[in-house]
Structure formats: C-alpha cells, structure tokens
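Here's the structure we're looking at; comments come further down.
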Amino acid sequence: MAGTTSQPTQPTARTRSWWGWGWADAHPDDAECTAMGALLPGTLSRPLPVPRVRDLAVAAPAVEPPRSLAHLIDADPADRAAHSMGKAYRDVVRALRGRPGRIPDLVARPTDDQGVADLLDWAGERQVAVVPYGGGSSVTGGVEYRGDAHRAVMSLDLTAMGRVLEVDTEGRAARIQAGTLGPSLEDQLRTHGLTLRHFPQSFEFSTLGGWLATRAGGHYATGRTHIDDFVQSLCVVTPAGISNSWRLPASGAGPSPDRLFLGSEGALGVITEAWVRLQERPRHKASAAVAFTDFRSALRAVRALAQSDLSPANCRLLDSGEAALSGAAHDGSSVLVLGFESADEPVTARLERAVALARSHGGRYDGSGGDGGVGGGGGSKGSPEASPDGDAAVSAWRSAFLRMPYLRDGLARMGAVAETFETAATWDRIPDLIDEVRREVGEAAVKATGFPATVNCRLTHVYPDGAAPYFTVLAAGRAGDEVAVWDDLKAVASEVLNRHRATITHHHAVGRDHRPGYDRQRPEPFALALRAAKGALDPRGILNPGVLVD
C-alpha cells in the first residue's frame with residue numbers, strides 16, 4: 001500500500017534572483033527594459049541598475065545562536081538579504097531603490113520537526129521574531145518583518161525539508177514535507193504515476209507549506225481550485241506543542257483542526273508536513289480559445305459554464321486588454337481560454353459542448369483545438385500546464401502567463417507601476433465590480449502621476465455562484481516614489497472591493513499588505529477567537545508578527 005520514500009530533486013545550477021522574480025538569468029536585459037518602457041508614457045529614459053547585495057548596509061546579527069543550533073543557522077549577508085522580503089511589486093522597487101526593509105539577522109534551515117521546535121524554543125526565550133519562509137514568492141508582505149518590537153528576526157527557511165516521505169498508492173495520497181518545492185514534489189510523485197496537480201503561477205518557486213499556509217489557488221479554474229481541497233491532515237509545530245491531525249477522507253467531528261492552520265501564514269504555527277490527496281496523471285487534454293466582441297456576454301458565457309456539469313480544468317476569461325497583452329487576440333476581442341483533461345478518457349466531447357455553450361452566448365471559435373494524449377501529463381519545471389494542443393491563442397496565453405512576472409520586474413526597472421491584485425465576488429456583483437475597479441483605479445493613476453493607466457481584468461477561477469477577477473495595472477510611477485503610487489492605487493481598489501463586499505484576496509493571502517481589508521472583512525467574534533488562538537499557541541508573540549492579528 002505505502003510506497004517507498006523519494007529523494008528530492010537535486011538543486012539546479014541556476015541562481016535565484018535575490019531582488020526580483022525567479023531566475024537571475026531570465027530577467028529582461030537593459031535593451032528589453034528600455035523597449036518596454038517606451039510603450040508606457042511617463043517612464044524613465046533608462047532602466048534602474050540591477051541591485052547588488054554588496055551595496056546594502058547589512059548590519060551584524062543582533063543575536064548569536066547557541067552552539068546546539070549553530071549547524072542550522074546562517075548569517076551570510078547575501079542569504080539574509082534574499083530572505084528579507086517577498087516578490088511583490090513593492091518588494092522589487094524597494095530592492096531597486098536600495099531600501100529592502102528589515103533584513104533578518106539569521107536564516108535557519110531545520111531538517112526535521114525537532115529542529116523546528118528547538119528553534120522556536122530558543123527564539124521564544126530570546127524574543128526573536130520568527131518568519132516562516134518557503135520559496136519566498138509572497139506578494140502580500142507575508143515573509144518580511146515590519147516594526148521594531150523584537151530584539152532580532154530569524155527567517156525560518158523550510159526548504160531543507162523537501163521530501164515525499166510516504167505514498168499510499170491505494171488511497172492515492174502522500175505524506176510530504178512542507179519545504180518541498182513544486183517541481184521537486186511532482187518529480188518525486190512521477191515515479192508512482194501520480195500527481196498533486198496544484199500549479200499556481202509561482203509553482204517553480206513555491207513550496208507545499210507555502211501553498212497550505214496561504215490557501216493558495218492552483219491549476220484548476222473550477223472544482224478543486226484551492227490547496228484546501230487536497231488536504232487530508234497536517235503536522236504543525238507551534239510554541240505550545242506539535243499538532244498532528246488524523247488522516248481522514250472526511251469528518252464531521254467538530255471544527256476542523258486543519259482549517260485552523262490552513263491560511264494561517266505561520267502566525268499560529270509552522271506547517272512541517274501534510275498528507276495530501278493525489279490523482280493519476282492526465283493522459284488526455286484538449287483546449288480551445290473562444291473570442292467575444294462583448295465582455296458582458298463573455299461573462300454570461302463563463303457563468304453558464306460554471307453552472308454546468310462540464311467542470312473545465314481551465315476556464316479563464318481575458319478582457320480585450322489582457323488578451324492583447326498576452327498575445328491571445330489583437331482585434332479588441334475578449335478571449336475565453338478553455339481546457340479539459342482526464343486520466344482515463346478523451347475529453348474532446350466535453351470541449352465541444354463547452355464551445356457550443358460559449359457560442360450560444362455570442363462566442364466565436366475557429367475550430368483549431370483538439371484532444372492530445374500526453375503520457376505522464378503536466379508538471380514540467382518550466383511550464384506545468386504545457387500540453388500539445390493546436391490552439392495558438394491558448395499557447396500564447398500560457399507563454400505570457402509564465403513570462404509576465406519577469407516582464408513586471410523589467411517595467412519596475414523603468415520606474416513604471418506594474419502589478420496585479422485579485423478578488424472574488426458573487427455573480428450579481430461581478431460586472432459592476434470590474435467596471436468600477438477599471439474606472440476608479442484609472443482615475444487615481446492619472447491623479448497620482450499625470451498619465452493614463454492601463455487596468456486589465458481576467459477571471460482566473462469560476463464557481464456556480466461567483467468568480468475571481470484578477471486585475472493587472474500598468475501605470476507611470478513617480479521617480480523614487482513608486483511604492484507610494486502603488487499603495488495609493490491599491491487603496492482605491494480595496495475601497496471598491498469593500499463597497500461590493502468582494503474579498504480582499506481570493507488566493508494570494510493576507511500578509512501585511514492586505515491586513516486593513518481583512519480586518520474589515522472578518523466578523524468581530526471570529527477576530528476575537530483568532531486572537532485567542534494566537535495567544536494560546538504563540539504566547540510570546542514571536543511567530544510572523546503583524547500577520548492576521550496583532
């Protein structure tokens with residue numbers, strides 16, 4: 001029943017960027033940055049230089065670890081700088097401007113639960129703040145320390161805990177350490193013919209524990225949209241002890257212990273491993289792109305698809321601006337990207353039904369999609385959703401999807417504001433919500449910079465009762481003050497979301513950047529219970545201070 005444990009993939013020779021997204025060698029060069037900046041009014045004439053760690057003022061650590069833990073802890077300035085923040089636009093700009101914020105004093109890399117517990121015990125005794133860290137891909141300020149209430153700060157990097165420990169092939173589940181990065185996780189499962197099939201855009205640079213701690217959204221646009229849907233049980237190390245929930249297919253025994261820690265962002269404990277549900281690797285895939293002249297008609301088509309029994313794996317609607325940006329369409333059309341997959345039967349018929357439904361709402365389709373047998377299916381390091389389909393618009397969208405974070409960093413080097421935010425709301429609110437975000441954020445950009453902005457929208461996940469709009473903002477900045485411009489635009493967007501009772505985040509977590517919106521969204525009795533849980537599990541207040549609760 002249980003398979004043998006797997007060894008994690010060996011580290012690649014490529015170097016991660018300490019200041020921006022992904023691989024250091026994948027960023028746009030100066031010429032490409034300049035060309036992109038020329039398309040956006042109000043940008044710099046030449047790109048800001050790539051920041052260097054040696055130019056930062058990295059102070060000596062404020063504490064020294066005990067000998068018993070020294071083998072787990074590093075104080076190298078470059079390592080500490082790389083753990084000082086996540087990968088949001090505001091993080092990238094702060095690094096470009098030489099202002100990364102509070103750099104952790106130490107970086108710890110435990111290899112087992114006991115190491116995590118020992119580090120937490122020592123940190124509690126010395127009043128050292130502990131910020132759990134997976135792949136560092138947070139875009140909401142979730143892996144940085146703000147303030148000065150603690151003597152020192154330690155980044156707790158879980159990536160040394162990167163193994164698939166046990167596989168139950170009969171029950172199609174696996175026990176996996178939380179520090180396992182996406183590509184390594186899939187590589188270790190591949191030998192068993194199984195897959196977790198959770199592919200966020202950050203897949204290559206994020207961990208299972210990070211997905212769990214942030215309730216990350218993944219590959220599926222319908223059905224199992226969040227990592228929550230794959231969890232059987234969790235192991236969490238807290239200052240008050242270790243929480244091990246039972247591995248169960250389902251349970252009605254009171255409030256779920258797993259639900260307490262899912263989305264807790266390291267504020268209540270450190271997730272160290274989980275049993276997760278797996279599936280067979282898909283062998284059949286089919287995809288297509290359907291164009292719409294009218295965006296509201298496209299919204300109605302997506303709602304009909306979400307309320308049908310078709311359950312597409314991909315059902316992403318791009319407005320005309322997003323379609324042009326990704327190369328999916330250049331004629332002013334909105335584009336609906338559809339995808340189906342199965343491990344045991346062709347999916348062409350389901351795709352044809354979905355296309356017919358979209359056509360009934362005014363969609364146009366040229367018939368270039370199709371079903372392809374893809375063997376093991378998906379999970380490759382560079383393009384987890386890649387499949388040999390014949391639809392050029394789908395391929396263009398997929399390539400742009402994976403390249404976009406690098407282009408964002410290139411635009412940031414040109415002094416531009418280039419960032420995204422997402423939400424979710426019920427269908428009755430979606431059309432007006434999207435219109436008001438576009439209008440009010442656009443107006444705020446002109447007021448802040450004197451130049452017009454581009455505000456695009458796509459739907460990333462859809463449900464029978466609502467959808468998750470995802471917005472892209474491209475605007476001029478103010479030299480040296482780009483973070484303030486973005487904060488102003490984000491504040492305007494948050495007010496629109498609050499007005500429509502749309503969530504402050506659908507799948508990017510609360511972190512520190514979304515705290516004001518989260519505080520308004522949650523009921524006060526729940527906030528009271530959450531603060532009590534924080535006090536009970538983390539009595540010294542060392543775990544990721546400022547996240548979720550004070």
Side-chain angles (χ1 to χ4, degrees), residues 15-53 55-56 81 84-101 137 139 141 201-202 205 321-327 330 399-421 438 441-457 470-493 513:
T15 301
R16 287 279 303 274
S17 171
W18 80 268
W19 64 273
W21 183 260
W23 302 113
D25 61 6
H27 281 267
D29 60 20
D30 287 3
E32 188 177 358
C33 290
T34 302
M36 287 192 296
L39 301 175
L40 194 62
T43 57
L44 302 175
S45 59
R46 60 175 61 91
L48 295 169
V50 172
R52 302 176 301 184
V53 172
D55 294 332
L56 300 176
S84 63
M85 56 191 178
K87 302 302 181 185
Y89 168 80
R90 65 191 326 275
D91 302 326
V92 170
V93 171
R94 287 185 298 159
L96 288 168
R97 294 293 185 182
R99 302 190 293 263
S137 62
V139 292
Q201 190 177 34
S202 62
F205 308 108
E322 196 75 7
L325 194 64
S326 67
H330 295 286
S399 297
F401 176 77
L402 295 171
R403 181 66 175 153
M404 192 59 66
Y406 292 103
L407 301 182
R408 179 207 63 178
D409 292 357
L411 284 168
R413 290 185 61 199
M414 296 303 299
V417 172
E419 186 57 303
T420 63
F421 63 92
R438 285 174 177 152
V441 172
E443 291 171 351
V446 172
K447 181 178 179 181
T449 69
F451 294 95
T454 297
V455 184
N456 296 332
C457 179
Y470 194 114
F471 297 91
T472 300
V473 180
L474 301 174
R478 291 194 303 262
D481 207 21
E482 297 91 348
V483 169
V485 172
W486 170 244
D487 287 347
D488 287 347
L489 301 186
K490 185 65 179 288
V492 170
D513 296 344

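Note that these values count all heavy atoms, side chains included, but never hydrogens, waters or copies made by symmetry.
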To the nearest 0.5 Å, what is the distance between CG (Asp513) and CG (Asp487)? 7.5 Å
More than 12 foreign heavy atoms under 6.0 Å from CZ of Arg46: is that the case here? no
Correct closest heavy-atom pair for Arg438 and Cys457 would be NH2-CB, 4.2 Å
Which heavy-atom pair separates Pro49 from Leu96 by the least distance, and what is that distance? O-CD2, 3.7 Å
Write down the atom of Pro28, the atom of Gly410, and the distance for their closest heavy-atom approach. CG-CA, 4.3 Å
What pairs of residues pass the salt bridge (charged side-chain N to carboxylate O under 4.0 Å, His left out) test when at least one of them lies in residues 18-28, not counting sequence neighbours? Arg14-Asp25
Partners of Leu56 by side-chain contact (heavy atoms from CB on, under 4.5 Å), sequence neighbours excluded? Trp18, Val58, Ala81, Pro100, Ile103
Which value, rounded to the nearest 0.5 Å, describes the distance between Ser326 atom OG and Arg403 atom CZ? 15.0 Å
Over all atoms of both residues, closest heavy-atom pair of Ala412 and Leu48: O-CD1, 4.1 Å
Go through the structure and list residues passing side-chain contact (heavy atoms from CB on, under 4.5 Å) with Pro47, not counting sequence neighbours. Asp30, Cys33, Thr34, Arg413, Met414
Verify, without hydrogens or angle tests, whether Thr43 (side chain) and Gly37 (backbone) share a donor-acceptor contact under 3.5 angstrom. yes
Are any of the side-chain heavy atoms of Val485 and Arg478 separated by less than 4.5 Å? yes
How are the rings of Phe421 and Trp486 set to each other: parallel, tilted or perpendicular (split at 30° and 60°)? tilted
Looking only at atom types and distance, does a side-chain atom of Asp409 sit under 3.5 Å from a main-chain N or O of Trp21, one as donor and one as acceptor? yes
Identify, with sequence neighbours excluded, every residue that meets side-chain contact (heavy atoms from CB on, under 4.5 Å) alongside Thr472. Glu322, Leu325, Thr420, Asn456, Arg458, Leu474
Which residues pass the side-chain contact (heavy atoms from CB on, under 4.5 Å) test with Arg99, not counting sequence neighbours? Arg97
Salt bridge (charged side-chain N to carboxylate O under 4.0 Å, His left out) pairs, two or more places apart, involving residues 441-456: none
Residues Tyr470 and Gln201: closest non-hydrogen pair is OH-OE1, 4.3 Å
Taking every heavy atom of Ala476 against every heavy atom of Thr449, the minimum-distance pair comes out as O-CG2, 3.1 Å
Pair Tyr406 + Trp23: ring centers closer than 6.0 Å: no
Keeping the roles fixed (side chain from Glu482, backbone from Gly477), state whether a donor-acceptor pair exists under 3.5 Å. no
Go through it in stages, so that I can follow the logic: the residues are Lys490 and Val441, the test is side-chain contact (heavy atoms from CB on, under 4.5 Å), and I'd like the CA-CA distance, side-chain angles, deciding distance and then a yes or no. CA-CA 8 Å; Lys490 185 65 179 288; Val441 172; over 6 Å; no
